[in-house]
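In what follows, chains carry the letters A, B, and so on, assigned in the order in which the sequence lines appear, proteins first and then strands, with residues in each chain numbered from 1.
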2 protein chains.
Amino acid sequence: MRSRYDIQLRVPEVCRPSAMREGQINETIQEYIEGIYRLQQEVGRVATNEVAQYMGVSPASASIMLKRLAEMNLVEHTPYRGILLTDEGTQLAHQLLRIHRLTERLLTDIIGLPWNDVHDFACKLEHYIAPEIADKIAEALGFPATCPHGNPIDPTFDDGSWRLSDAVAGTDLLVIKITDERREFLEYIESLGLVPGAQVEVVSRTPFDGLIQINVDGKQHTIGPEVARYVWVKEPS
Amino acid sequence: MRSRYDIQLRVPEVCRPSAMREGQINETIQEYIEGIYRLQQEVGRVATNEVAQYMGVSPASASIMLKRLAEMNLVEHTPYRGILLTDEGTQLAHQLLRIHRLTERLLTDIIGLPWNDVHDFACKLEHYIAPEIADKIAEALGFPATCPHGNPIDPTFDDGSWRLSDAVAGTDLLVIKITDERREFLEYIESLGLVPGAQVEVVSRTPFDGLIQINVDGKQHTIGPEVARYVWVKEPS
DNA sequence: GAGCTTTTTTAACCTCATCTAAATTATACA
DNA sequence: TGTATAATTTAGATGAGGTTAAAAAAGCTC
């Protein structure tokens with residue numbers, strides 16, 4: 001299963017120090033592209049400051065890196081106007097995301113790590129997993145459809161879900177995926193029982209502040225908009 | 001199963017670029033320590049030039065790095081006299097080696113990669129696998145005793161084997177492990193059928209050049225000292 | 001033990017990816 | 001439309017880990 005994700009991913013040289021090389025798609029570049037993709041999914045055109053904040057670096061550093069990414073044709077950068085991934089950048093992001101999600105599945109299903117632990121870990125490993133090896137992993141796992149958080153392994157697949165923050169009161173829904181994968185966030189989500197596959201009843205919504213009263217597993221909870229935004233749901237079929 | 005390998009391994013920060021930090025046991029340091037350990041197993045006290053050659057860097061770079069390792073108390077460095085791992089360095093090497101070998105097993109047994117491929121790959125992944133996760137991997141694999149090349153998962157375990165280059169003619173032996181894990185070397189070894197677990201008959205030895213006539217699986221081969229040196233054998237029980 | 005060779009170390013410099021501080025450019029509002 | 005504020009970029013450093021070239025120490029050989 002050679003896949004459609006075929007940008008020249010640079011899996012860094014192994015077994016010798018200082019694998020960094022000039023003008024290559026190295027680990028840092030990959031990390032940025034992945035972050036930018038995620039941001040772009042959330043907000044559309046991405047500002048330098050947003051990249052900086054998301055990547056945990058200073059705006060100055062982000063600015064310099066965005067210039068480099070633009071030179072490499074991975075993003076379109078209009079100075080003072082933010083960026084947009086090019087087709088090439090998007091393709092690379094898809095490739096990385098697929099590897100990332102397969103790695104997460106490997107870590108939960110085979111190694112037995114908890115789902116809230118695997119994201120950070122996969123972030124590091126993904127840079128050293130070539131697409132062909134990802135294919136092998138997919139095979140070994142029986143070609144899973146999603147990562148442990150419910151995101152489709154194939155990043156181009158549209159699962160038809162929407163944000164819980166957009167759901168109307170009085171509906172019964174199915175949790176599809178969680179798109180904030182920070183450990184603490186997932187811990188909270190788990191404490192609510194709001195994991196992929198769970199049934200949620202949207203009991204009511206407040207007219208201000210966007211609070212949502214939900215019912216999961218017979219338990220009532222009130223969640224805020226910040227949480228509801230990253231929980232994706234769908235009509236149960 | 002908290003193990004006996006408990007040096008403060010620095011698993012670099014995930015999900016953000018530039019994980020390098022001052023004075024920490026980072027990926028590069030780990031790579032050096034592992035390399036030095038392997039060299040030390042082969043040659044005892046290790047010279048700067050040997051480290052440089054093994055790590056694929058200039059002698060100048062190796063010299064500087066050895067000085068740093070000495071400052072970190074991982075090696076004992078007598079200027080112009082080479083180095084020796086300290087107890088702390090040895091312990092770190094053991095820890096890394098255990099993780100490395102478990103990772104290799106994971107890659108062959110679960111992912112289905114060929115045994116000659118996994119070393120390079122494990123070299124990269126090992127730096128991001130904390131000892132507790134290695135414990136999980138060991139458990140998932142059913143606590144294997146060796147890596148795919150036959151090296152004990154527990155680096156302190158003495159398997160009682162010796163080099164095929166030291167074997168006497170006329171003996172029937174069991175291949176225990178291969179300690180040169182370069183892809184091409186392992187490919188050659190495989191083509192001879194000289195894999196861990198195979199039976200070898202040492203037919204004869206030449207008085208000069210150290211050539212060895214062997215019989216594996218009914219096929220005769222002549223191997224040189226460079227190959228025999230990295231094939232370890234034992235009396236079959 | 002003098003002088004050549006080899007090994008190791010030091011010196012000076014490079015790239016990558018960060019940083020802070022200062023300078024620009026955009027935006028928003030009076 | 002001018003000006004305050006916010007966002008972005010540039011300038012100049014830094015640390016890690018390389019490089020080459022030159023200097024220094026050790027080891028041989030006669």
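B:Lys67 has no side-chain polar atom (N or O) that falls below the 4.0 Å cut-off from OP1 or OP2 of C:dT8. Between D:dA16 and B:Asn26, no contact under 4.0 Å exists linking OP1 or OP2 to a side-chain N or O. Contact between the side-chain N/O atoms of A:Ser63 and the OP1/OP2 oxygens of D:dT10 is not found at any separation under 4.0 Å. Phosphate proximity of D:dG18 to B:Ser61: absent, as no side-chain N or O sits under 4.0 Å from OP1 or OP2. At the phosphate of D:dG18, OP1 or OP2 sits under 4.0 Å from a side-chain N or O atom of B:Tyr32. Checking the phosphate oxygens (OP1, OP2) of C:dT6, no side-chain nitrogen or oxygen of B:Asn49 falls inside 4.0 Å.
If you take CD of B:Gln53 and P of D:dG18, they are 16 Å apart, rounded to a whole angstrom. Atom CZ in B:Arg45 sits about 17 Å away from atom P in C:dT7, given to the nearest Å. Per the geometry, CG belonging to B:Leu66 stands 11 Å off P belonging to D:dG18, to the nearest Å. The CD1 atom of B:Ile83 sits 10 Å away from the P atom of C:dT8 (whole-angstrom rounding). Per the geometry, CD1 belonging to B:Ile64 stands 12 Å off P belonging to D:dT20, to the nearest Å. Rounded to whole Å, the distance from CE on B:Met72 to C1' on D:dA16 is 12 Å. The separation between B:Leu69 atom CG and C:dT9 atom P is 12 Å, rounded to whole Å. Remark: P of D:dA16 and CD1 of B:Ile25 are 14 Å apart, rounded to the nearest angstrom.
Residues passing the salt bridge (charged side-chain N to carboxylate O under 4.0 Å, His left out) test with B:Lys177 are B:Asp159, sequence neighbours excluded. Under the rule for a salt bridge (charged side-chain N to carboxylate O under 4.0 Å, His left out), B:Arg101 has no partner lying at least two apart in sequence or in another chain. The side chain to side chain donor-acceptor pair (under 3.5 Å) check on B:Thr206 picks up nothing, with sequence neighbours excluded. When the side chain to side chain donor-acceptor pair (under 3.5 Å) test is applied to A:Ser165, no partner is found at least two apart in sequence or on another chain.
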Nucleotide N/O to protein N/O under 3.5 Å, stretch nucleotides 22-24 of chain C:
none

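Residue B:Ser58 is classed as a base contact, given a heavy-atom separation below 4.0 Å to a base. As judged by a 4.0 angstrom heavy-atom cut-off over every strand, A:Ala62 is placed among residues making no nucleic acid contact.
Here the nucleotide nearest the side chain of A:Arg81, chosen from C:dT27, C:dT8, D:dG18, is C:dT27. When distances run from any side-chain atom of A:His77 to the nucleotides D:dT9, C:dT27, C:dT8, the shortest one goes to D:dT9. The side chain of B:Val57 lies closest to D:dG18 when the candidates are C:dT8, D:dA7, D:dG18.
Within 6.0 Å of CD on A:Glu187 lie more than 12 heavy atoms contributed by other residues, nucleotides or ligands.
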Taking it one step at a time, do B:Phe121 and B:Ile111 satisfy side-chain contact (heavy atoms from CB on, under 4.5 Å)? CA-CA 12 Å; B:Phe121 197 4; B:Ile111 316 293; over 6 Å; no
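Both A:Ile29 and A:Ala60 lie close to DNA chain C; mapped to their nearest nucleotides by heavy-atom distance, the more 5′-ward contact belongs to A:Ile29.
Here salt bridge (Lys or Arg N to Asp or Glu O under 4.0 Å) pairs that include residues 39-48 of chain B, with residues two or more places apart or in two chains, are B:Glu42-B:Arg163, B:Glu42-B:Arg229.
A donor atom on one side chain and an acceptor atom on the other are found under 3.5 Å apart for B:Tyr128 and B:Glu27.
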